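The next block holds one structure in the form of structure tokens; read it before the comments.
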2 protein chains.
Amino acid sequence: MLKLRRIAVDTHRENIAYLSRTCGQYHAEEFLALAKVEVIADSHRIQATLNIVDDPVLLGPDELGLSEEAFRLFGRGAGTPVAIAHPRPVDSLEMVRAKIQGRALNAGEYAAVVRDIAALRYSKMEIAAFLVACAGFMTTEEVLHLTRAMAGVGHCLEWDHKLVVDKHCIGGIPGNRTSMIVVPLVMAHGLTIPKTSSRAITSPAGTADTMEVLARVDIGTDEMRAIVEKIGGCLVWGGRVNLSPADDVMITVERPLGIDTREQMVASILSKKLTAGARHLVLDIPVGPTAKVRSHEDAVRLRKLFEYVAGELGLPVEVMITDGSQPIGRGIGPVLEARDVLAVLRNQPDAPADLRDRSLLLAGRIIEADPGVKGGQGIARARTLLETGAGMRAMEQIIEAQGPPPGPPPGNGSPLLEPAGAGYELLAPRDGIVQGIDCLRIARVARMAGAPAFKGAGVDLLKKTGDAVRKGEPLYRIHAALSSDLGFAAELAAQDSGYRFNGTAT
Amino acid sequence: MLKLRRIAVDTHRENIAYLSRTCGQYHAEEFLALAKVEVIADSHRIQATLNIVDDPVLLGPDELGLSEEAFRLFGRGAGTPVAIAHPRPVDSLEMVRAKIQGRALNAGEYAAVVRDIAALRYSKMEIAAFLVACAGFMTTEEVLHLTRAMAGVGHCLEWDHKLVVDKHCIGGIPGNRTSMIVVPLVMAHGLTIPKTSSRAITSPAGTADTMEVLARVDIGTDEMRAIVEKIGGCLVWGGRVNLSPADDVMITVERPLGIDTREQMVASILSKKLTAGARHLVLDIPVGPTAKVRSHEDAVRLRKLFEYVAGELGLPVEVMITDGSQPIGRGIGPVLEARDVLAVLRNQPDAPADLRDRSLLLAGRIIEADPGVKGGQGIARARTLLETGAGMRAMEQIIEAQGPPPGPPPGNGSPLLEPAGAGYELLAPRDGIVQGIDCLRIARVARMAGAPAFKGAGVDLLKKTGDAVRKGEPLYRIHAALSSDLGFAAELAAQDSGYRFNGTAT
């Protein structure tokens, strides 16, 4: 038997086992062909990808190491005697092979695959095989099976209230922080809205990053439940709530591979909304030349898939196809976006009108889930709640309930709600009318400037579509905490500002 | 800057970078989204999958670790100051995404993908994505492009001789060690045959494992070339010859995933034969109910694909579709198979006839590549070379040139060419005529008995198809070095012997 040892390495949702090449009891290379081993202590078993160690300081010849998460999942203490064996085949991988060969899988098969993925029984390459096989071909019934399977392994929230509502945007539009306005308005109306959001992965900010400028968002399930029971809503990071553990694992493969299919999107979003206990969902699909969905036709196809799957799952969904031709609001980056959100909630005259109008539209639709509100009256009610300050008061309740945000990360000297640095202005190269703003380009510049790692970094848009611009006028201001970041971002912006004038590229 | 450190972990053809979570210069989690980082020292750059370290003994906050092979590829010493950055996109991954979406790739695109795979620029999940996308759909032209691309990154052997021949079997039939008889016979005839073989991955023995009972096989390119120039042939392990580095990387994903498509098989085999400098190739495709190819129809389809691709590449190929309905010879496992091979080469009366006949058939076809040999006369020439002992003398030349095998691995007490242990006999459960022997089952029993890790372990078949058996007579003998292995193998055999009698399962 080998002695179990915890290897303090975070291998990002993949179980890794470490075995010495000079191990006297097992020929380490024997296990390499299948890449995985099974680690066994009595009735405890775990499968892990094998790494072979050649340094006795890292691992002795009589030791078997497990990476952090694997060690925790295995649940036995350091020093526990363990054996290793060739892994018992993970049965559901047969279904992945069938999918690779082009077969449609049934509900039970998706349940088996998803259960094993959520339990970290798949290596990254096995998850990639499943996702790519699905990307090749999936029936709408399969999307339903996958969604149900993903919800089935999630941590379900249950609410006493009947009117638990939710909203979701498929993303891709910088500055689109409607959730931070919609949630307070819907709460102020009296509906329950337990909103979880993501952090940025490749974008300059997720709603969780921006909300974190104002309040703590790293909140677990129990605390979230207590907050929602008390005040009717929240704006927390979804990463601790564990709504869709299979999705959390799959995303670690989808992102690096750039797999972003309609089918995966629908399964991912709806599985999380189901486990979050939503009884009514409003979905925002922005369409534009640089948005995730590029044509109205694609948006309608996506809408129908959402409606089919949600309908089969008994979740009333309302899909809104919105304008995604440019960023929303002015600020791109956590602090700049939080400033815009507060400007709307405080009814400041300089508040970005597009962010306010989009938020009112969405909040209005959600409010109409209340049987007491007449059809078409939701938006007026939302506007009243905003203008009377009820929305801002609800936001203050959320901030108080969730508590203050953590201190700025090391190296980030910018005070709360202050953009980083003095800012670098990108000037218009010509006179013209702004015809469109490239969402991807602006996001890249803001990211390069340091968002969201530096909360105050990002881009502040000074001109939007339809604005008249004179040569030499600033189009946007880049804020960065580090001068090197500012240089890179300014260089990127100089190559291509992302602005289009009168239909001609600058 | 961080200080470079070698982390003595063999991560099996995947570059891994280790970064401390408490690193003051980089937020390690920032890089997790894309899973990879780029490590930079001056003009040196390498991309690696990121693991985050939480133990200062493993890695200091000012250090950047690289796994063994990555450290070697990076080529800078420990302590070198390095920076890390988000990885520059590997351009060829765009082609993988196109392939996922169902597009046929052209020659240049395959060349780009294969070049990056061979240079370890793909993570395992990215390789899996490419392979699964290819498994979904590939035109015959694409197989040609892939094969050419794989050969293009290989280490090419060039020979002065015109008549460089080669043979290959697609595998799957236990005991099928024809190469060890064909190569000496072809050498004895005077043709050049630089044969490289694989070690077992999931089978009880590869030709390299069995040859290693008689001689050293772990031989590099230069030494192999010298041996072949001197004696006209060799029987070495392909792992050190680096004929198809892209294949070596892809196989580390194909095997665990169980992806075994015709297209990959053709590209893998032909790319290696091209770089080995073969000018004439004989291919053996065994067909049987438990072989890799299950029907004559499938075999013909595979034959045509081989012929098309080899033809376009200017490599004359002769495909032989052979009987794969049972194992070949008697012994399954390195020592037992080596015993059979020597029995044939020594013309012993008890030599397995099927191994001899199959070897003569293949050797005869190869010998006919010699313009001086009349069509149909090759097999007679091969038989003469065998019966006069010229084949055995050529084998002795090979053994002398390659040198003695390494000592037995620790724990393997069996002397050379002696089966391990006294053996456990599996008895016939009934009277009958053997109708067929399950290749997969017999391979599994031999593997469970310890082959090929223990050279003397394996299965010795005492009855073959067509033999009359009486109840209680031994069907085969299981040899194992460890009593636990013997127990597991005997248990497996007791559940299902792999023998079929008169068409009825035992």
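Since the model is a prediction, treat every value here as computed from it, not as a measurement. To find a chain, count down the sequence lines: A is the first, B the second, and so on, and within it residues start at 1.
When heavy atoms are compared at a cutoff of 4.5 Å, B:L93 does not approach chain A at all. Interface remark: B:Y18 contributes side-chain atoms only to the contact with chain A (heavy atom separation under 4.5 Å).
Between chain B and the options A:T11, A:I52, A:D55, A:I7, heavy-atom pairs under 4.5 Å are most frequent for A:I52. Taking chain A as the reference chain and counting heavy-atom pairs below 4.5 Å, the highest number among B:K124, B:R6, B:R97 is found for B:R97. In terms of non-hydrogen atom pairs under 4.5 Å with chain A, the most contact-rich of B:G102, B:G258, B:S123 is B:G258. The candidate from A:I127, A:L257, A:I100, A:I16 with the greatest count of non-hydrogen atom pairs under 4.5 Å with chain B is A:L257. Taking chain B as the reference chain and counting heavy-atom pairs below 4.5 Å, the highest number among A:R21, A:E14, A:Q101 is found for A:R21.
Within 6.0 Å of CZ on A:F137 lie more than 12 heavy atoms contributed by other residues, nucleotides or ligands. For CZ of B:R121, the number of neighbouring non-hydrogen atoms (other residues, nucleotides, ligands) closer than 6.0 Å is greater than 12.
By the 4.5 Å heavy-atom criterion applied to side chains, A:D260 and A:M265 are counted as neighbours. The shortest side-chain heavy-atom distance between B:C134 and B:E263 does not fall under the 4.5 Å cut-off.
When all heavy atoms are compared, the tightest approach of B:R447 to B:P204 is N-CB, 4.2 Å.
Under the 4.0 Å criterion applied to side-chain N and carboxylate O atoms, B:E212 and B:R199 are assigned as salt-bridge partners.
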